[in-house]
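Okay, structure first, notes after.
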Amino acid sequence: MDTYTVLLVDDEEDVIQVIMKKINWEGLGFSVIGYANNGVKALEMVEEFQPDVVMTDINMPYMDGMELAGHIKTDYPATKILLFTGFDEFEYAKEAVHLEVEEYILKPVNSIELTNVFTQLKIKLDQEISEKRNAETLKKYYMESLPLLQANFYTTLIEGRIHEEELEKYLSDYQISLTGPFFCCLVIHTSSSQVPEDMNPLLLSASVEKQAKEYLGKKWKAKCFSYLGKTILLAQFSKETEISELTDECDRFCRYVHRIIGANVTVGIGQICENILDLSQSYSSARDAVSYRVLYGASKAINIQEIAPYEKNKPGSSHETELSYLFKMIRLKEKPEIMEAVHTYLDSISFKEKSLQQHHLDIMELLSEFCRFAANNDLVLEELSKDMGQLYGEMLDMEPHILEQWVVNISVSLHEKLLNERNKSRKSFVEKAKDYVHNNYVNEELSLDSICEVLGVSNSYFSTIFKKETGKSFIGYLTDYRMDRASRLLLETNEKSYIIGKKVGYTDPNYFSYVFKRRFGVSPSKYRTEYQESEK
């Protein structure tokens, strides 16, 4: 039997305690993961725990239950919402039908009524989960998925085998709408090594594809199909800047399918293009983005333009060759894997019938690719800065074992420099965010969304990098900085608390006091008084 999680929200803690004690939660198939005493704190907990059910009062400080329900339905549409209200708020709550609230419960809360509500809610949740997990439904969907002609067209398109003069006829004959004006390819990788018990990996992938189509398909006018064991989406949007919003939505999707069906999913987001035929390049870069899960972790969205803006894919280049694999290892792995990739590549170009001319061409290709890789990633390597003619001649004279050691040394050096540049880029990126906070913390509108808009990146990527470098979430860092500034003003000036609150970005004096006390354990006025007494 599935156990579903519940978050309780009410500014009266005694009400919450009564609800927790009155109900046999375990017997009903639920568990209370926690409670919040205002809408702002509740939204933070929803972001962290993604509960199945949120039961909230309407009248609360800082953010009321109606506003909280609106945020939850926008960002976490699968979460069920129960509103419990006083009699004078009931009609007001009933008018909010667009919030799709499951039930409205009048205070004082009746244990029998509440038990009935959660009993019915459990049945509904079980039915929804059952539909998502039903093997026969998944199998039928997997077999019928997309019409064969359309699937063949999409596959041929991302392989780069559609000619411009054929495109319009294909779109017309197969009734495919690709109006753009901007396009982007998404590659959805479902882990085959982390599969829920009694679930066939193929059926799990099919379920992920179905959820992707429902979750992302409509808004982004996405074409969804399977290719080489992965789910591919061809997304369309009206402005290039929407790529950050798409990235964040894909990140939420990864967490959603992990919670609902237990799938460990990574979404690789390729380069933006304006020409439909360039989707083959977007697909290649999306595949590269998925590879970066070894650095950034799985179960998230990875946008190639955010993590590797200089790495451009060349039309017609093969990413399945040994040389391409070597550069992939340079980007993502450590010395042992790089050495193995070098050996594999050199072994592939060594064969008995090989002519001297072919050897010269292979060496020229290797040297050119090394130089191109360094240039594309703004890397300066002394060994590659020599005169190209001289370096090429030296390589031609190298015996096989000497050549292999040289290639290993260059590859490892490129890996170390790339890693160093990546770390410097992250630190610079975080420092810019910190500087922005230091200069704009008085702005009450400063938020995760606004800083990401300034930096031109998605929320998910920014949050991952910022926390990795600082150990804090952005909101946590902003709050701590504001509180540190507030504490100094309390000790160094005689200004009233509400004035100081405004100076650090809080127009609501009650909320400022709430946040200050949460940080320092005492109210602003008591903090000042205790300091003054200690100085006497």
Are the side chains of Phe253 and Val267 in contact, using a 4.5 Å heavy-atom criterion? yes
Spell out, as yes or no, whether a donor-acceptor pair under 3.5 Å connects the side chain of Thr247 to the backbone of Ile243. yes
Got a donor-acceptor contact below 3.5 angstrom from the Ser450 side chain to the Leu446 backbone? no
So that I can tick it off, tell me whether Glu431 and Lys434 are bridged by a salt bridge, with the cut-off set at under 4.0 angstrom between side-chain N and carboxylate O. yes
Should Tyr154 and Tyr170 be marked as a ring pair (Phe, Tyr, Trp, His ring centres under 6.0 Å) after you check the CA-CA gap, both sets of side-chain angles, and the distance that decides it? CA-CA 10 Å; Tyr154 298 140; Tyr170 276 125; over 10 Å; no
When rounded to the nearest 0.5 angstrom, what is the spacing between OG in Ser284 and CD in Gln271? 9.0 Å
With no hydrogens and no angle check, just 3.5 Å: does a side-chain donor-acceptor pair link Tyr215 and Glu249? no
Can you confirm whether the side chains of Ser458 and Glu306 place a donor and an acceptor under 3.5 Å from each other? yes
Side chains of Thr470 and Val430: closer than 4.5 Å at any heavy-atom pair? yes
Judged by atom type as modelled, is there a donor-acceptor pair below 3.5 Å linking the side chain of His415 to the main-chain atoms of Lys333? yes
Between Glu166 and Lys169 (salt bridge meaning N to carboxylate O under 4.0 Å), is one present in this structure? no
Judged by modelled atom types alone, do Ser285 and Gln281 share a side-chain donor-acceptor pair under 3.5 Å? no
Hey, could you give me the CD1/CD distance between Ile269 and Gln305, rounded to the nearest 0.5 Å? 9.5 Å
Determine yes or no for a side-chain-to-main-chain donor-acceptor pair under 3.5 angstrom, with Arg252 supplying the side chain and Tyr76 the backbone. no
Is it true that Glu159 and Tyr227 share a donor-acceptor pair across their side chains at a distance under 3.5 Å? yes
Any donor-acceptor pair under 3.5 Å from Asn377 side chain to Leu379 backbone: no
To the nearest 0.5 Å, tell me how far Ile188 CD1 sits from Thr266 OG1. 10.5 Å
State, with a plain yes or no, whether a side-chain heavy atom of Cys250 is found less than 4.5 Å away from one of Leu186. yes
Is the shortest heavy-atom distance from the side chain of Glu453 to the side chain of Asp449 under 4.5 Å? no
Are the side chains of Glu365 and Glu369 in touch, meaning some heavy atoms are under 4.5 Å apart? yes
For residues Val437 and Phe474, determine if any side-chain heavy atom of one lies less than 4.5 Å from a side-chain heavy atom of the other. yes
Using the rule given for salt bridge (charged side-chain N to carboxylate O under 4.0 Å, His left out), can you reason through Lys328 versus Asp288, listing the C-alpha separation, both sets of side-chain angles and the distance that settles it, and then say yes or no? CA-CA 8 Å; Lys328 183 176 180 179; Asp288 283 348; over 6 Å; no
Assess, by modelled atom type and distance only, whether the side chains of Glu209 and Ser226 contain a donor and an acceptor separated by less than 3.5 Å. yes
Distance-minimising heavy-atom pair for Arg259 and Pro51: NH1-O, 4.4 Å
Any donor-acceptor N/O pair, Arg485 side chain to Val504 backbone, under 3.5 Å: no
Side chain Gln194, main chain Ala263, donor-acceptor under 3.5 Å: no
Taking the side chain from Ser413 and the backbone from Asn409, do they hold a donor-acceptor pair closer than 3.5 Å? yes
Go through the side-chain N and O atoms of Lys300 and Thr464 and say whether any donor and acceptor fall under 3.5 Å apart. yes
Does the Asn420 side chain pair with the main chain of Glu416, one donor and one acceptor, at a distance under 3.5 Å? no
When Leu157, Leu171, Leu279 are each screened for side chain to side chain contact (heavy atoms under 4.5 Å, CB included) with Ile162, the one that passes is Leu157
Say whether, by atom type as modelled, one donor and one acceptor occur between the side chain of Ser282 and the main chain of Cys185 under 3.5 angstrom. yes
Can you find a heavy atom in the side chain of Ile276 that is under 4.5 Å from one in the side chain of Phe183? yes
Compare all side-chain heavy atoms of Asp173 with those of Leu149 and state whether any distance is below 4.5 angstrom. no
